[in-house]
Structures are given as structure tokens and as C-alpha cells.
Amino acid sequence: MITLGITRLLTEHQEWIEGKSVGLLTNHTGVDENLIHTIELLKGFNLVALFSPEHGLWGAAQDGVKITNTQYRQNLEGGQDETDNLCNRPTLQVYSLYGSTPLNWTEILKNIDVIIYDIQDVGVRYYTYLGTLFETMKALENVIETGKCVECIVADRPNPIGGIHIEGPMLEPSYASLVGPYPIPVRYGLTIGEVAKLFHAEQGFTFPLKIAQTLGWDRNMWFDETGLLWVPPSPNMPTLETATLYPGTCLFEGTNLSEGRGTTKPFEHIGAPWIDNQKWLTRLNAKQFPGILFRPIVFTPQFSKYEGEVCNGVAIHITDKKQVSPIELTVWMLSTLGDEFPHDFKLWEAHFDRLAGSDALRNALLVGTSVEKITEEWSAGIREFRERREPYLLY
């Protein structure tokens with residue numbers, strides 16, 4: 001089993017936080033190798049504030065649901081006193097970083113010396129935990145103008161889908177958002193600590209950044225090879241199989257197909273009421289994707305798109321996760337939908353482009369550009385990023 005960054009921070013680098021006022025940016029995934037929460041582990045330190053990303057401190061909120069700071073104290077997101085019971089600190093402040101009102105960082109950080117980031121990421125640009133890290137780092141840099149310098153410690157964790165493969169288009173800066181915060185490929189092959197180092201260096205940030213590295217992880221390892229237990233990083237990321245396909249099938253969020261939300265297989269079940277699933281299946285199976293098999297399915301989402309409606313589509317089964325190229329797979333699926341169902345299939349411009357990181361992929365699909373040409377156009381950006389990331393690799 002590997003040793004997580006949070007464990008190494010609290011056993012080998014305690015001096016980083018001893019005697020300091022600590023803020024903790026975390027959620028339900030912030031646990032050690034024995035599933036003890038980081039909040040609990042920090043009882044012996046001066047923990048003064050908690051910050052939570054999308055889905056809330058306890059991972060209970062669905063995607064896109066805004067969480068106000070007062071909800072933590074109103075028994076709407078994890079129990080009114082659950083945070084206090086964990087920390088035995090009635091005055092502990094809890095802040096949502098996924099609310100509808102911007103935080104006054106200058107005021108919040110007045111009494112904080114260091115912020116620890118301890119969240120399990122999934123290694124995909126769309127995932128808002130990455131954007132939350134970047135926005136927090138920008139806030140730490142901005143308060144330096146007020147004379148306050150707050151350190152940042154990232155408690156590193158494995159990239160669950162490995163640190164070798166890089167895939168997908170680069171984000172164009174004009175399309176930056178919380179689901180695409182920075183010009184990197186969709187699947188970037190870095191740990192969250194390595195990403196933090198890249199952000200810090202490329203943005204010229206001056207606040208102190210420290211990485212509590214994971215011990216025993218190497219770039220070839222997937223999560224099921226770490227000996228760690230899987231804690232679903234968000235409500236619709238129940239398994240490693242989901243995370244394996246998510247870099248690609250998340251793009252279906254920007255279409256009029258269900259991406260499987262509201263089923264037990266989000267991002268693995270794809271369909272819509274107007275799909276002829278046998279017709280689509282024939283096209284997909286003819287391609288013989290490495291590491292993938294398709295099965296025709298009928299499903300009824302319990303929430304999200306097509307709630308309560310019967311959908312026809314395909315289930316994506318993984319036979320060898322290390323062979324799967326999920327983004328190329330999804331582009332093939334999107335291309336066949338345009339061919340087979342041209343009057344029904346729709347790409348939703350704003351959201352699709354936000355996920356893809358530009359309008360290039362949507363425009364290419366609309367004019368029938370071959371998948372081979374689309375993916376080849378990503379090659380130069382991937383090569384450039386592979387070189388860009390080299391100075392920040394820790395493993």
C-alpha cells in the first residue's frame with residue numbers, strides 16, 4: 001500500500017503546520033489509508049476554518065447545486081453539528097467554495113496562516129476540484145497585496161487513472177471556467193500536487209507552496225493497484241470504471257443524450273428516447289475499440305436529463321482499462337450519432353464548448369471531419385504539454 005500525502009504531512013512534516021492557524025480545503029474524500037478523515041487527524045492542530053468544493057463537505061449535493069455557507073449550520077448538508085463533533089470546536093468556520101456569493105477572501109484569510117488542500121481528484125480537466133484549487137491559489141496570491149501571506153500545502157494523492165496517458169484537446173484561455181480552468185489537455189496525467197506546482201510556476205505565484213508527496217506511487221499505477229479503498233469523489237463517480245470513461249463520456253453532458261446521470265451507471269450508460277440502439281450498436285461494434293465492448297440497453301433516468309423517460313442506448317463495458325482511450329472513443333460515438341441520427345442529435349453549443357475547451361471539436365463534428373483528423377490535430381498540443389509538465393513531475 002502507498003502512503004498518502006496527508007499521512008506524510010502529519011508524521012514527517014508536522015513542523016509545516018505546528019503553531020499555525022490552519023484552514024483545510026477538503027471534502028468526504030479527505031481520508032487517510034484507514035479512512036480516518038483529515039478533519040479528525042487535525043484535532044491536535046489549530047484548525048480554524050474548513051473550505052468545501054462542489055458537492056459539499058460531505059459529498060451529498062448533486063452536480064451544479066450551489067451550497068451556501070449557512071447551510072452547514074442549518075442541517076442541510078451533513079448535519080448541523082457533524083463538523084463540530086469531528087473537531088470539538090464550536091467556533092470552527094465552514095465556507096462553501098461552490099456557492100452563489102463570492103467569498104471575501106481578504107477577511108477570511110486574516111486569521112489563517114496556511115491552507116491545506118486534501119481532496120481526491122480524478123485526473124480530468126472537467127472536474128471542478130481542479131478549478132477550485134486554481135481559484136484558491138489565485139485568492140492566496142491576491143491577498144498578498146494586503147500584506148497577508150498564506151502558505152498552501154497540497155496533500156498529494158494518486159491520479160486514479162494513472163500518470164502516463166495524456167489525451168484530448170487543449171483548452172483555449174478564452175473558454176476558461178470552473179470546468180476548464182487552465183490551458184491543459186482534458187486528461188493531463190498529473191497528480192494534484194504536480195498540477196499545483198505547474199499552476200504556481202506558470203502563473204508566477206509568490207505565496208509559499210509545499211507538496212506533501214505520496215510515497216510508493218508511480219506513474220504507471222491505477223487506483224486499484226494502490227491498495228487504497230475507493231471513496232467516490234462525487235455522487236456520480238461511484239467506481240474506477242466510471243473515472244476511466246469520464247474523460248470522454250462527460251462530453252455527453254453537452255448534448256441532448258443522457259450521460260447516465262440518474263442511473264446506477266453514470267457516464268457508462270449513454271442514450272436518449274429517440275435512439276435506435278441496435279442501429280447505433282452496429283456502428284460502434286464495427287470499430288472494435290481496444291479495451292471496450294458495447295451492449296444495447298434500455299434505461300430510465302431517475303433525475304437529470306430525460307427524468308422518468310425510457311431511453312435507448314448503449315452500456316460501455318471495459319475489458320482492459322489500460323487500453324481505453326476514452327476521449328477518442330467518445331468522439332467516435334458522437335460522430336456516429338451525427339451520421340445515424342442527423343435530425344435528432346444535438347450539440348449544445350455553450351456547454352459542449354466549455355467542456356471541450358474551444359469550439360473546434362464541435363465545429364469539426366458538425367462538418368463531418370474524420371475522427372482520425374480530429375485526434376491528430378490534438379497531437380501537437382499534447383507533445384507541447386508533455387514537455388511543459390516535465391519540470392513539475394514528482395514521481
Side-chain angles (χ1 to χ4, degrees), residues 9 16-28 30 37-39 41-61 64-119 128-155 176-178 181-182 192 196 199-200 203-210:
L9 171 63
W16 290 2
I17 58 174
E18 283 179 338
K20 297 178 180 179
S21 298
V22 178
L24 175 64
L25 172 46
T26 194
N27 63 3
H28 60 292
H37 202 284
T38 302
I39 299 174
L41 297 172
L42 287 171
K43 272 189 173 179
F45 298 90
N46 186 25
L47 181 62
V48 298
L50 295 175
F51 301 87
S52 71
E54 184 181 10
H55 309 297
L57 190 59
W58 311 114
V65 175
K66 300 296 183 182
I67 301 168
T68 66
N69 295 328
T70 56
Q71 282 178 287
Y72 288 114
R73 301 302 186 196
Q74 294 176 348
N75 202 24
L76 295 180
E77 216 279 323
Q80 182 174 358
D81 297 319
E82 186 168 350
T83 302
D84 296 343
N85 291 339
L86 279 170
C87 307
N88 195 27
R89 291 184 177 89
T91 59
L92 183 70
Q93 296 297 306
V94 187
Y95 301 100
S96 169
L97 301 185
Y98 199 76
S100 54
T101 304
L103 296 183
N104 184 343
W105 280 102
T106 301
E107 187 65 28
I108 290 169
L109 294 175
K110 276 184 178 179
N111 299 313
I112 296 176
D113 299 316
V114 57
I115 285 185
I116 300 171
Y117 180 99
D118 188 28
I119 297 176
T128 59
Y129 301 163
L130 184 73
T132 298
L133 171 63
F134 185 52
E135 290 301 314
T136 302
M137 293 177 76
K138 288 197 295 184
L140 296 185
E141 185 67 19
N142 288 339
V143 298
I144 291 177
E145 297 178 0
T146 69
K148 177 70 174 179
C149 184
V150 180
E151 297 180 75
C152 180
I153 298 172
V154 175
S177 70
L178 194 63
Y182 206 74
I192 198 65
F199 287 166
H200 193 269
Q203 290 294 298
F205 291 149
T206 57
F207 63 83
L209 173 68
K210 296 175 181 175

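Note that the structure is predicted; figures quoted are calculated from it, not measured. These values consider heavy atoms only, across backbone and side chains, with no hydrogens, waters or symmetry-generated copies.
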* To do: Just jot down the salt bridge (charged side-chain N to carboxylate O under 4.0 Å, His left out) partners of E151, sequence neighbours excluded, or say none.
  => K20, K210

* Considering residues at least two apart in sequence or located in another chain, which fulfil the salt bridge (charged side-chain N to carboxylate O under 4.0 Å, His left out) criterion with E145? -> none

* Asked: Less than 4.5 Å apart, any side-chain heavy atom of V22 and any of V48?
  -> no

* Partner set under side-chain contact (heavy atoms from CB on, under 4.5 Å) for T128, not counting sequence neighbours -> E54, L178, V179

* With sequence neighbours left out, write down each residue that passes side-chain contact (heavy atoms from CB on, under 4.5 Å) with K110, or none if nothing qualifies. => E107

* According to the salt bridge (Lys or Arg N to Asp or Glu O under 4.0 Å) rule, which pairs have a member within residues 92-105, sequence neighbours left out? -> none

Does [X] use its side chain to pair, donor to acceptor, with the backbone of [Y] at less than 3.5 Å?
X: H37; Y: N27; answer: yes
X: H55; Y: A61; answer: yes
X: S96; Y: I67; answer: yes

* Can you say whether the rings of F51 and Y95 are parallel (under 30°), tilted (30 to 60°) or perpendicular (over 60°)? -> parallel

* **Carboxylate-amine/guanidinium proximity below 4.0 Å for E135 and K138** => yes

* Sequence-distant partners of T132, side chain to side chain donor-acceptor pair (under 3.5 Å), two or more places apart -> none

* Asked: Does the separation of the ring centres of F199 and F205 fall below 6.0 angstrom?
  -> no

